[in-house]
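Everything below concerns the one structure shown next.
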2 protein chains.
Amino acid sequence: MREAEAVCPAGWLGVSADVVVFSVGDDALRVRLQRRHRTPFAGSLALPGTLLRDDESPEEGAQRVLGGDVGLDRVYREQLYTFGRPGRDPRGRVVAVAYFALVPASVAAGLPDGPDAAWHAVDALPPLAFDHAEMVAMAHRRLSAKLAYSTIALELMPERFTLSHLQGVYEVIGGEPLDKRNFRKRIGALECVEPTGETYRAGNHRPARLYRRRTPGRVEIIK
Amino acid sequence: MREAEAVCPAGWLGVSADVVVFSVGDDALRVRLQRRHRTPFAGSLALPGTLLRDDESPEEGAQRVLGGDVGLDRVYREQLYTFGRPGRDPRGRVVAVAYFALVPASVAAGLPDGPDAAWHAVDALPPLAFDHAEMVAMAHRRLSAKLAYSTIALELMPERFTLSHLQGVYEVIGGEPLDKRNFRKRIGALECVEPTGETYRAGNHRPARLYRRRTPGRVEIIK
DNA sequence: TGACATAGTGTTGATTCGACACTAAGTTGG
DNA sequence: CCAACTTAGTGTCGAATCAACACTATGTCA
């Protein structure tokens, strides 16, 4: 346990909360990564994460990580999986409770790319520290699966959005194009969005109607 | 951390693996519970579980718990959720990685009810220690949901079984009766079972054909 | 040999799903 | 001002799936 103590000072458990923070932008599903400065994996990219404090639940730890990364208060978050293979952290024993979070594009824009933290397209990730690549892959699968049976995609949308924009989010996550008419039929049947009456103008073409969520903050399981 | 050290001796992490072990028998979904002898919750029933050893993954811990409860080697097992609310263990800080496992009725019969461990119908559980009732409830929901989109129910079946038996398992977990013809159509379409050619005689009525899994040990995601 | 109990088997109507193409409305540039 | 451009928005039809439903088959047992 000599090495483990380097990450396990008094008052801390060897349990971390790591968060796969997703957003959609530039026609890609993107994940927030931080540059590590300390060993191990110094210089590598890693998920935002923290060791749990004494008297802090994994949920709270995840929320603290999100809060630390500029006001990511109030974003969708759910537990993903717990990774506890001995040796996953070269320093010693750390069990990681992984979460994933969804950030609307409007909020993501407030988190600019910098030397220490930036958005990276999930389809073209560099090697990540620890087993974080596995976490990202699992989060991506889970998110993709949930598109089919929940309204979770709305958590990635700004307050007002067009149906084309929403369809783009589905396509980027699922990785395949969708039929426009079938998509709109499906969303309409869910009764999860409603038109605001406003329109959105962009480019030399017909403006699109803007929609908003009917029950903000509520992810419904459907069918 | 004074109190926590009671459960966190050197060489151990304050992380446990707790397993919701399900089987189906007597027309009920049943869970394996152990009688606690030590404080806290002395005298209460609890899920089988253990603190992780140093250099042991949560998966290995869960498997060790299963192995300790008579030869529950080779049963289906998956990670359920991680419970880490501070205070969930009155002794101190323990983060519990919960699993659920499925035991075929034939194997479950080899684990008799005794003073220290017994099967209990999930529909009529006594109060459980810690947050174990929550774990059982979540495992039940997850199992029930998975019936619809996977072949997981086969993990609860003995090597050979009748379709009526299989239907009973679906009904007991889902909590509602199913139509016999639709059920058999659905199972047939999955191509996950095949007749053995044998029959099963029980009672004064027509014998039933016995089936076996086509790909033992493989849980398929369907549709 | 007749009563009994569970095994086993198809059809039909309703619903859902997937494929598919054109018109609408605003912008822009000549 | 009008023609070209670009994305928005809309409906039908055939296929597949799903849910409801009842009778015959085959063994045991008295």
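In the text below, chain A, chain B and the rest are named by the order of the sequence lines, each starting its count at 1.
- The side-chain contact (heavy atoms from CB on, under 4.5 Å) search around B:R30 returns B:S23, B:D26, B:A28, B:W119, not counting sequence neighbours.
- Nucleotide D:dA20 holds its P atom 10 Å from the CD atom of B:E176, rounded to whole Å.
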For this session: Spell out protein contact along nucleotides 5-12 of chain D as letters: B when the base is contacted, S when just the sugar-phosphate is, - when no protein heavy atom is under 4.0 Å; keep the 5' to 3' order.
Result: BBBBBBBB
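- Listed by first then second residue, pairs satisfying side chain to side chain donor-acceptor pair (under 3.5 Å) with a partner in residues 141-153 of chain B read B:E78-B:R142, B:E78-B:K146, not counting sequence neighbours.
- Taking B:Q63 as the reference, B:L66, B:D73, B:R77 meet the side-chain contact (heavy atoms from CB on, under 4.5 Å) condition, with sequence neighbours excluded.
- With sequence neighbours excluded, the residues satisfying ring pair (Phe, Tyr, Trp, His ring centres under 6.0 Å) with B:F41 are B:F130.
- Residues forming a side-chain hydrogen bond (donor to acceptor under 3.5 Å, both in side chains) with A:Y81 (at least two apart in sequence, or on another chain): B:E59.
- Close approach of DNA chain C to chain B, defined as any atom under 4.0 Å from a non-hydrogen atom of the protein, starts and stops at C:dC4 to C:dT11.
- By the side-chain contact (heavy atoms from CB on, under 4.5 Å) test, A:Y200 pairs with A:T162, A:A202, A:L210, sequence neighbours left out.
- Residues A:R212 and A:E194 are paired through a salt bridge, judged by an N-O separation under 4.0 Å between the basic side chain and the carboxylate.
- For the side-chain hydrogen bond (donor to acceptor under 3.5 Å, both in side chains) test, residues two or more places apart in sequence or in another chain that qualify with A:T196 are A:E198.
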